[in-house]
There are 2 protein chains.
Amino acid sequence: MKHSHDHNFLEQLDNQGLKKTELRLAVLKILSEANSPLSADEISQKLKKVSFDRATLFRTLKTFTEKHLISGIDLGEGCQRYEINCVTHHHHHHIICSQCKKIEIVPFCIPNEFKEFLTGRGYQEITHRMDFSGICVKCYKS
Amino acid sequence: MKHSHDHNFLEQLDNQGLKKTELRLAVLKILSEANSPLSADEISQKLKKVSFDRATLFRTLKTFTEKHLISGIDLGEGCQRYEINCVTHHHHHHIICSQCKKIEIVPFCIPNEFKEFLTGRGYQEITHRMDFSGICVKCYKS
DNA sequence: GTTTATGCAAATGGTTTGCACTCGA
DNA sequence: TCGAGTGCAAACCATTTGCATAAAC
């Protein structure tokens, strides 16, 4: 899908005191147009037109994550996936098909009681991760 | 803590058609005496008395996981941790302290509705992962 | 003209693999 | 004895790091 806020990338980089380079703009564009979280490999593939170095890509992803422009997520595949952080992309969880690896967003989050329980146990700054895997309809039918 | 079913290790290996070697027995013993999931490194450290090879240890952990004698869990540290599977250790989730890395078991699991929702969406053989992190009381106080 | 970002090459860390040898059943 | 299990060395794969160059501001 196309986004109308492509031009915001420049602004976002500026706000974070980051220089606007071709790679950075390309990565932001790719992630904002993706409909599911992408691995570094997948981003690389979509970067065909842009010349870049793998180390630089990882540095970019790390910087963006630290500046909260993107989020890294782990679905147990042994690599990180990255998602753009924008107003329309708030906190959520995923399910990944164990066969075709298709990823969907899941429309629920953990009950408040969980966090309350842990707070009661003295934990501070609690974060959680939750994800699902299963065989999707398509794969199951075939 | 000491367990009275140490002698079951031999039996468990037998049941799975696995040969009873010193390393395997030692790993089962270590994991059954551990009070939180151990990484391959931590298991290695506890194996001081037994001579072993790192590759063999990983092969052992893989075999045990496949035979469901142990479970591998990922708490986002970049390595797997392993827990013994026995009658007294059923499905559960963890919280890890983001500072001291102490791991505790959390006494709740996801609501049934989550799985039901996904089943309704056509997913089969659904599994989930859920874990927490936060600063534990001890670390917070210091 | 600085500071920050990049490319290159090499290192890291957890884990896996190929192969010949060894040991448990 | 015979196949499963092991040690060793080397490979793997995602990611990181050091350093000198290049580009952004």
Side-chain angles (χ1 to χ4, degrees), chain A residues 9-29 31 37-67 69-83 96 101, chain B residues 9-29 31 37-67 69-83 96 101:
Chain A
F9 299 156
L10 298 165
E11 208 177 309
Q12 288 184 61
L13 291 174
D14 245 2
N15 292 341
Q16 301 297 332
L18 299 175
K19 291 183 178 170
K20 313 170 198 72
T21 68
E22 192 183 8
L23 179 64
R24 286 176 174 176
L25 289 167
V27 169
L28 285 179
K29 188 167 193 294
L31 288 180
L38 302 180
S39 64
D41 258 359
E42 290 169 344
I43 296 171
S44 299
Q45 289 167 31
K46 291 180 185 286
L47 275 170
K48 286 247 172 62
K49 304 145 195 172
V50 184
S51 102
F52 71 101
D53 183 82
R54 199 131 241 279
T56 308
L57 175 58
F58 278 108
R59 273 190 282 236
T60 296
L61 293 170
K62 194 176 189 191
T63 306
F64 283 0
T65 304
E66 286 164 2
K67 300 288 190 177
L69 297 180
I70 67 177
S71 304
I73 65 173
D74 160 28
L75 298 179
E77 303 165 288
C79 70
Q80 284 286 112
R81 291 185 168 273
Y82 300 89
E83 258 182 352
I96 181 169
K101 307 300 175 190
Chain B
F9 301 155
L10 298 165
E11 207 177 311
Q12 287 184 61
L13 291 175
D14 244 2
N15 292 341
Q16 301 298 331
L18 299 175
K19 292 182 175 168
K20 313 172 196 67
T21 69
E22 192 182 9
L23 179 65
R24 285 177 174 176
L25 288 167
V27 169
L28 285 179
K29 187 166 194 295
L31 288 180
L38 302 180
S39 64
D41 258 0
E42 291 169 344
I43 296 170
S44 299
Q45 290 167 30
K46 292 180 184 284
L47 275 170
K48 286 247 172 62
K49 305 146 195 170
V50 183
S51 101
F52 71 101
D53 182 82
R54 199 131 241 278
T56 307
L57 175 57
F58 278 107
R59 274 189 282 235
T60 295
L61 294 171
K62 193 176 190 193
T63 305
F64 284 1
T65 304
E66 287 165 358
K67 300 287 190 177
L69 297 180
I70 66 176
S71 305
I73 65 173
D74 160 29
L75 298 179
E77 302 164 288
C79 69
Q80 284 285 114
R81 290 184 168 275
Y82 301 88
E83 256 182 355
I96 181 169
K101 308 298 176 192

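Note on naming: letters A, B, ... go to the chains in the order of the sequence lines (proteins, then strands), and numbering restarts at 1 for each one.
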Closest-nucleotide 5' rank along DNA chain D - winner of K20(A) and T63(B):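 Counting from the 5' end, the first nearest nucleotide belongs to T63(B).
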Give the minimum heavy-atom separation between [X] and [Y], together with the two atoms involved.
{"X": "L13(B)", "Y": "K20(B)", "result": "CD1-CA, 4.0 Å"}
{"X": "R54(A)", "Y": "S44(A)", "result": "NH2-OG, 3.3 Å"}
{"X": "E42(B)", "Y": "R81(B)", "result": "OE1-NH1, 2.8 Å"}

[X] [atom1] to [N] [atom2]: how many Å, rounded?
{"X": "F58(B)", "N": "dT6(D)", "atom1": "CZ", "atom2": "P", "answer": "15 Å"}
{"X": "L25(B)", "N": "dG5(D)", "atom1": "CG", "atom2": "P", "answer": "12 Å"}
{"X": "L13(A)", "N": "dA24(D)", "atom1": "CG", "atom2": "P", "answer": "13 Å"}
{"X": "E77(A)", "N": "dT15(D)", "atom1": "CD", "atom2": "P", "answer": "10 Å"}
{"X": "L38(A)", "N": "dA14(D)", "atom1": "CG", "atom2": "P", "answer": "15 Å"}
{"X": "E66(B)", "N": "dT16(C)", "atom1": "CD", "atom2": "P", "answer": "10 Å"}
{"X": "D53(B)", "N": "dA4(D)", "atom1": "CG", "atom2": "C1'", "answer": "16 Å"}
{"X": "L57(B)", "N": "dT16(C)", "atom1": "CG", "atom2": "C1'", "answer": "13 Å"}

Donor-acceptor pair under 3.5 Å, K62(B) side chain vs dT16(C) base: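 By the distance-only test, no, there is no pair.
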N/O donor-acceptor pair, side chain R59(B) with base dG7(D), under 3.5 angstrom: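 Side chain to base: pair found, below 3.5 Å.
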Candidate pair V27(A) and K46(A), rule side chain to side chain contact (heavy atoms under 4.5 Å, CB included), full reasoning: CA-CA 9 Å; V27(A) 169; K46(A) 291 180 185 286; over 6 Å; no
Would you say [X] places a side-chain N or O within less than 4.0 Å of OP1 or OP2 belonging to [N]?
{"X": "T21(A)", "N": "dT6(C)", "answer": "yes"}
{"X": "T56(B)", "N": "dG7(D)", "answer": "yes"}
{"X": "R24(A)", "N": "dA5(C)", "answer": "yes"}

Residues L61(A), I43(A); criterion side chain to side chain contact (heavy atoms under 4.5 Å, CB included); working and verdict: CA-CA 10 Å; L61(A) 293 170; I43(A) 296 171; 3.9 Å; yes
Between [options], which one does the side chain of [X] approach most closely?
{"X": "A55(A)", "options": "dG7(C), dT17(D), dT15(D)", "value": "dT17(D)"}
{"X": "C79(A)", "options": "dT15(C), dT17(C), dT15(D)", "value": "dT15(D)"}
{"X": "T60(B)", "options": "dT6(D), dA14(D), dT6(C)", "value": "dT6(D)"}
{"X": "K19(A)", "options": "dT4(C), dG24(C), dT15(C)", "value": "dT4(C)"}

Touch class at under 4.0 angstrom, heavy-atom based, for S51(A) against every strand present: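 S51(A): backbone/sugar contact only, no base atoms under 4.0 Å.
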Side chain to side chain contact (heavy atoms under 4.5 Å, CB included) evaluation trace for L23(A) with L47(A): CA-CA 8 Å; L23(A) 179 64; L47(A) 275 170; 3.7 Å; yes
First encountered from the 5' end of DNA chain C, between R54(B) and L18(B):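 The residue mapped nearer the 5' terminus is R54(B).
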Nearest-nucleotide comparison on DNA chain C, the residue closer to the 5′ end among D14(B) and A40(B):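 Closest to the 5' end, via its nearest nucleotide, is A40(B).
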